[in-house]
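All remarks here apply to the structure that follows.
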Amino acid sequence: NLYSNITKPLVDVVVFFAKLVGQFGWSGPSTMLGYFFLAGAVMTRLRVPLGKYTALQAKLEGEFRHVHSRLITSSEEVAFYGGNQRELRQMNSSFGTLLSHINKFFRFKWISGIFDSIITKYSATVLAYVVVTRPIFDARNDARYDPSKGGNSRAIIEDYTRYMRLLVSMVGAVSRLLDAGRELSRFSGYTERMSQLFDVLHDLDQGKFVRTAVSSGTPALTTTPDGVLEIVDSDSPFTPFDDVSLVTPNRHVP
């Protein structure tokens with residue numbers, strides 16, 4: 001889909017640009033094409049965070065699904081040990097982080113959409129009308145349009161219609177290229193997640209097993225927890241623990 005959305009508009013731009021140059025000269029088509037190159041550079045700069053937002057949203061959604069699946073798998077143990085409130089806090093925390101990120105992502109898309117419409121639609125439309133009307137109302141073309149000088153006034157409408165049709169077709173092709181750039185920015189977020197997946201699979205193939213935290217807000221265990229293990233009676237079947245931290249297999253202190 002991305003291949004067809006890039007190659008076809010690119011061919012259209014070349015074809016319509018060649019027709020416009022052949023009939024109306026280099027000035028107008030070059031001005032529009034230069035403007036869109038500048039607009040594309042600005043919009044590409046503005047869309048840089050789009051891939052990061054997409055990758056982070058996929059990561060947070062995966063963590064939220066993991067919290068749900070873990071609760072489903074360990075529901076009996078959670079009910080037996082009375083850990084429902086703790087699981088509820090973890091689930092609310094994971095959902096709140098995801099919801100906050102989605103709201104921030106939507107605000108970014110809304111603001112970037114406003115700039116996108118201003119730069120690639122409204123400003124381009126105004127510039128297109130200026131470019132189209134400039135050669136028609138140029139004093140150097142009086143001999144073609146002025147009846148007193150042997151011209152034909154109906155040629156104004158003919159040239160305007162033909163020029164506008166070709167220019168609109170070229171602008172539409174450039175707009176599709178800019179839309180493809182937006183899709184590429186969003187697609188880069190998913191490719192980043194796939195790259196991380198391949199890295200993990202490569203580590204597994206090499207025998208490297210490194211577990212990471214489910215929630216970034218959980219305090220990591222960086223040092224040996226303080227605590228005293230004292231064997232009071234070696235003959236006793238019970239072993240007392242005094243202030244010994246419980247450490248998950250994920251190397252985190254609950």
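Since we're looking at a predicted model, the values are computed, not measured.
Under the 4.5 Å side-chain criterion, counting only non-hydrogen atoms from C-beta, Ser112 is not in contact with Asp116. Considering only heavy atoms from C-beta on, Leu88 stays 4.5 Å or farther from Asn84 through its side chain. A heavy-atom distance below 4.5 Å is not found between the side chains of Asp12 and Ser169. The side-chain heavy atoms of Val126 and Tyr122, taken from C-beta on, include no pair separated by under 4.5 Å.
Transitive grouping of hydrophobic side chains (ILVMFWY, heavy atoms separated by less than 4.5 Å) keeps Met32 and Val15 in distinct clusters. Connection of Val42 to Leu33 is established within a shared hydrophobic cluster, with ILVMFWY side chains joined at heavy-atom distances below 4.5 Å, either directly or through further cluster members. Two different hydrophobic clusters hold Phe36 and Val130 under the rule that ILVMFWY side chains link at heavy-atom gaps under 4.5 Å. Residues Phe17 and Val11 do not share a hydrophobic cluster, defined by chaining ILVMFWY side chains whose heavy atoms lie under 4.5 Å apart. Val200 and Met194 end up in the same hydrophobic cluster when Ile, Leu, Val, Met, Phe, Trp and Tyr side chains are linked at under 4.5 Å.
Looking at Ser195, its side chain never comes within 3.5 Å of a backbone N or O of Thr191 through a donor-acceptor pair. Between the side chain of Ser69 and the backbone N or O of His66, at least one donor-acceptor pair lies under 3.5 Å. Put simply, the side chain of Asn103 gets close to the backbone of Leu99: a donor and an acceptor are under 3.5 Å apart. Judged by distance alone, with hydrogens and angles left aside, the side-chain atoms of Thr97 form a donor-acceptor pair with the main-chain N or O of Ser93 at under 3.5 Å. Remark: the backbone N or O of Leu56 is not paired with any side-chain donor or acceptor of His101 at under 3.5 angstrom.
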Stepwise, does the side-chain contact (heavy atoms from CB on, under 4.5 Å) test hold for Ile102 with Phe106? CA-CA 6 Å; Ile102 291 177; Phe106 282 162; 3.6 Å; yes
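Annotation: the span from Lys52 atom NZ to Thr54 atom OG1 amounts to 12.0 Å, rounded to 0.5 Å. One distance of note links CG of Asp205 with NE2 of His202; it measures 7.0 Å at 0.5 Å rounding. From Asp199, atom CG reaches atom CG of Asp203 across 6.5 Å, with rounding to the nearest 0.5 Å. Atoms CZ and OG, from Phe37 and Ser30 in turn, are 10.5 Å apart once rounded to the nearest 0.5 Å. In this structure, the separation between CZ on Arg86 and OH on Tyr81 is 15.0 Å, given to the nearest 0.5 Å.
Checked options Arg65, Lys59, Glu61; the residue passing with Glu63 is Lys59 (criterion: side chain to side chain contact (heavy atoms under 4.5 Å, CB included)).
Shortest non-hydrogen contact noted between Val13 and Ala173 is CG2-CB, 3.6 Å. Among all heavy-atom pairs drawn from Leu71 and Met91, the shortest one is CD2-CE, 3.3 Å.
The environment of Glu77 atom CD is dense: over 12 non-hydrogen atoms of other residues, nucleotides or ligands sit within 6.0 angstrom.
For Glu87, the salt bridge (Lys or Arg N to Asp or Glu O under 4.0 Å) partners at least two apart in sequence or on another chain are Arg70.
Taking the six-membered ring wherever Trp is involved, the centroid distance between the rings of Phe64 and His68 falls below 6.0 Å.
Stacking of Lys109 on the aromatic ring of Phe105 is recorded, both the 6.0 Å distance cut-off and the 45° axial limit being met.
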